[in-house]
Amino acid sequence: IAGITQAPTSQILAAGRRMTLRCTQDMRHNAMYWYRQDLGLGLRLIHYSNTAGTTGKGEVPDGYSVSRANTDDFPLTLASAVPSQTSVYFCASSDSVRGEQFFGPGTRLTVL
Amino acid sequence: TQLLEQSPQFLSIQEGENLTVYCNSSSVFSSLQWYRQEPGEGPVLLVTVVTGGEVKKLKRLTFQFGDARKDSSLHITAAQPGDTGLYLCAGDYGNNRLAFGKGNQVVVIP
């Protein structure tokens with residue numbers, strides 16, 4: 001059972017470049033989420049999707065976009081990366097009935 | 001906006017001691033979850049509490065949800081080095097979304 005996979009594990013990126021973080025789940029969960037985790041700020045929600053074909057903005061959506069073409073995949077795109085987007089990014093999914101979230105292993109992104 | 005405040009932010013104790021950490025809010029949540037996160041990994045769910053006043057036990061960990069569903073506590077009895085980690089509380093504020101606190105970093109010294 002894989003659960004949630006994220007790719008890449010880590011990435012160093014030049015400012016201004018475009019980057020897509022990948023997230024795939026095999027639990028057939030309806031809802032998926034992207035968070036960033038920064039020291040002193042905790043986990044903050046970037047975007048979420050309650051079901052395939054729908055997305056919503058979280059607490060810190062600026063500079064990020066998402067799509068949800070199917071149940072399993074929820075990619076996060078940085079159109080033009082900036083140094084303030086240096087962070088650890090976690091993808092999560094949940095059965096929307098129970099609400100408990102299951103997290104991936106994270107992607108450590110550094111923007112120089 | 002930080003909906004959930006966790007205290008203390010950092011706690012270091014000797015193996016075998018007891019500890020309690022807290023998660024407080026001015027908001028009412030339909031449920032509250034506790035996660036533990038270890039370095040380099042994603043958070044892992046420990047428990048969900050739903051009813052005001054509810055107490056749940058997970059081995060040596062005891063979780064309590066406040067009567068007004070605004071706060072929660074986690075008590076660890078006879079802490080072990082394996083209990084070391086970042087404990088995160090998260091409140092369900094609707095539409096399948098969670099608000100996370102900044103966490104309680106617990107270090108258990110052998």
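In this text the structure is predicted, and so the values were computed from the model without any measurement. Order of the sequence lines fixes the chain letters, A, B, ..., with proteins taken first and strands second; residue numbering starts at 1 for each chain.
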Got B:Leu98 and A:Tyr35 here, is their nearest side-chain heavy-atom distance under 4.5 Å? yes
To check you understand the geometry: which heavy-atom pair defines the closest contact between A:Gln37 and B:Leu86, and what is its length? NE2-CD2, 4.1 Å
Say whether B:Ile109 and B:Leu19 are linked into one hydrophobic cluster, either directly or through other cluster members, by side-chain heavy-atom distances under 4.5 angstrom. no
How many angstroms lie between CG in A:Asp38 and NZ in B:Lys102, if you round to the nearest 0.5 Å? 11.0 Å
Minimal heavy-atom distance between A:Glu100 and B:Tyr35, with the atoms involved, is C-OH, 4.2 Å
Between the CD atom in B:Glu41 and the CZ atom in A:Phe103, the distance rounded to the nearest 0.5 Å is 13.5 Å
Residue part contacting chain A, namely of B:Gln37, when any heavy atom lies under 4.5 Å: side chain
Can you establish whether the number of heavy atoms outside A:Leu112 located under 6.0 Å from its atom CG is more than 12? yes
Does any backbone or side-chain atom of A:Leu45 lie under 4.5 Å from a heavy atom of chain B? Answer side chain, backbone, both or neither. side chain
Indicate, with yes or no, if A:Val111 and A:Val88 share a hydrophobic cluster defined by side-chain heavy-atom contacts under 4.5 Å among Ile, Leu, Val, Met, Phe, Trp and Tyr. no
Are there over 12 heavy-atom neighbours, none belonging to A:Arg17, within less than 6.0 Å of that residue's CZ? no
Heavy atoms of other groups near B:Glu38 CD, more than 12 under 6.0 Å: yes
Counting heavy atoms not belonging to A:Arg108, are there more than 12 under 6.0 Å from its CZ? no
